[in-house]
Amino acid sequence: MNLHEYQSKELLAKYGVRIQRGHVANTVEEAEKAAQQLSDETGAKAWVVKAQVHAGGRGKGGGVKFSPTMEKLKENAGNILGMQLVTPQTSAEGKKVSMVLVAEDVYYPGETETKEFYVSVLLDRAQGKNMIVYSTEGGMDIEHVAEVTPHLIHNEVVDPAVGLQGFQARKIAFNLGLEGEAFKDFTKFIVSLYNAYVGIDASLFEINPVLKTSDNKIIAVDAKVSLDDNALFRHKDLAALRDTREEDATEVEAGEAGLNFVKLDGNVGCMVNGAGLAMATMDIIKLSGGNPANFLDVGGTADAERVQKAFGIILQDKNVKAILINIFGGIVRCDRVAQGIVDAYKAMGSLPVPLIVRLQGTNAVEAKQLIDDSGLPVHSAITLEEAADKVKEVLGN
Ligand code: GDP
Ligand code: MN
């Protein structure tokens with residue numbers, strides 16, 4: 001689950017990470033109030049208006065605007081609110097902006113130059129450890145840095161059992177070329193950041209840029225936080241931060257129905273129980289010359305209601321040319337699943353694409369009989385090969 005920049009920053013601040021402060025606004029009037037309030041609190045003389053959408057590269061798309069006066073701030077807020085923001089990380093149609101963050105300007109001139117760094121914290125699955133990835137080349141596209149100057153990207157592996165050690169924090173600050181007050185401030189910053197990452201069960205932090213201000217403070221100017229969905233059960237407060245407007249509508253609907261659904265690009269819709277079987281089903285669709293249109297795990301119960309819901313979700317995808325149901329009946333007997341499919345089909349009246357059903361396990365033969373006797377135009381199969389052949393047949397391959 002991804003968070004907005006403003007939500008990410010609020011969480012980081014709770015762990016003592018210094019952030020670029022700001023307030024959110026949904027209208028130009030609110031933006032003006034937010035700016036005024038921010039100036040009262042922080043003494044900010046200028047502001048930035050930042051579109052709040054789940055996509056990076058907002059600056060490039062015109063979603064981040066420096067605002068040196070109140071007039072300019074209102075103009076920028078007016079332009080960004082309601083805009084369809086296209087960035088290198090959105091689709092061509094972009095994302096609608098319904099909220100902005102009015103933040104204090106932290107790039108003010110001073111005794112020393114400002115510097116932008118890149119810092120991320122993530123899980124390194126291969127090593128089973130956390131990793132801090134950092135670079136002196138902050139503020140820009142890190143993928144580009146990785147391609148052109150990979151030697152400027154460093155890794156620091158952190159053993160989760162002992163946490164980030166002082167010497168590691170100092171090493172990172174040193175590699176970023178920091179000294180004096182900024183060096184000290186950075187070591188505090190990175191320790192707090194790492195503690196936040198562990199504390200909220202995140203799977204990714206990306207802070208780009210981390211800024212060294214002209215008066216040598218270290219600040220998170222941007223913040224992208226992804227939370228580990230599997231840990232949300234112990235963070236009810238964080239689960240409430242979900243903004244479903246930013247997610248794929250079909251996946252949200254499936255999630256609410258308790259279906260595990262991921263949309264893919266192919267033409268064969270799949271309805272399967274169990275993640276392993278779902279993966280195998282996608283393989284067999286490929287082998288038969290088709291392409292899976294989705295991953296859909298209906299879970300333990302495949303009654304008429306759930307099957308009907310799953311049909312509805314699969315059929316929202318106009319690329320779907322056939323549906324393959326592949327269910328292993330263990331505790332849930334195949335004949336009961338078959339009855340569920342038949343009932344769902346009858347309740348829907350008709351399906352716009354051919355349906356192939358493969359039921360294996362307890363009472364598989366009875367289940368096939370039940371489907372064959374239903375009078376519905378369903379292709380039934382017991383073995384995987386049969387199912388694959390039927391998919392091939394209906395696709396005309
Ligand atoms: P992103 O484009 O989605 O990654 O959004 P960021 O939050 O990283 O902002 C994009 C860029 O806006 C930053 O790299 C900065 O160069 C600039 N920016 C952000 N905050 C300020 C600010 O307070 N003052 C000024 N002058 N520029 C800022
Ligand atoms: Mn950024």
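Below, each value reflects all heavy atoms present in this structure, side chains not excepted, and no hydrogens, waters or symmetry copies. All ligand and atom numbering here is 1-based and tracks the order in the structure.
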Considering heavy atoms of the protein only, find what lies nearest to atom 16 (O) of ligand 1 and give residue, atom and distance to 0.1 Å.
Glu116 OE2, 3.3 Å
Which residue and atom name correspond to the protein heavy atom nearest atom 27 (N) of ligand 1, and how close is it?
Tyr107 CD1, 3.8 Å
List the closest protein heavy-atom neighbour of atom 20 (N) of ligand 1: residue, atom name, distance to the nearest 0.1 Å.
Gln20 NE2, 3.3 Å
Using a distance threshold of 2.8 Å, what protein N/O/S atoms lie below it relative to the Mn ion (ligand 2)?
Asn208 O, Asp222 OD2
Would a hydrophobic clustering, with Ile, Leu, Val, Met, Phe, Trp and Tyr connected at side-chain separations under 4.5 Å, put Val48 with Ile207?
no
protein heavy-atom neighbour closest to atom 2 (O) of ligand 1 works out as Gly59 N, 2.8 Å
Below 3.5 Å, N or O to N or O, backbone or side chain included: is there any such pair between Asp222 and ligand 1?
yes
Who clusters with Met131? Use side-chain heavy atoms, under 4.5 angstrom, across I, L, V, M, F, W and Y, and order the result by chain and number.
Tyr118, Leu122, Val133, Met140, Ile142, Val145, Ile153, Val157, Leu204
Starting from atom 26 (N) of ligand 1, find the nearest protein heavy-atom neighbour and note its residue, name and distance.
Phe66 CD1, 3.5 Å
Below 3.5 angstrom, do we get any N/O pair linking Gly57 and ligand 1?
yes
Close approach, Pro209 and ligand 1, non-hydrogen under 4.0 angstrom:
yes
Salt-bridge test for Asp201 and Arg234: reply yes if a basic N is under 4.0 Å from a carboxylate O, no otherwise.
yes
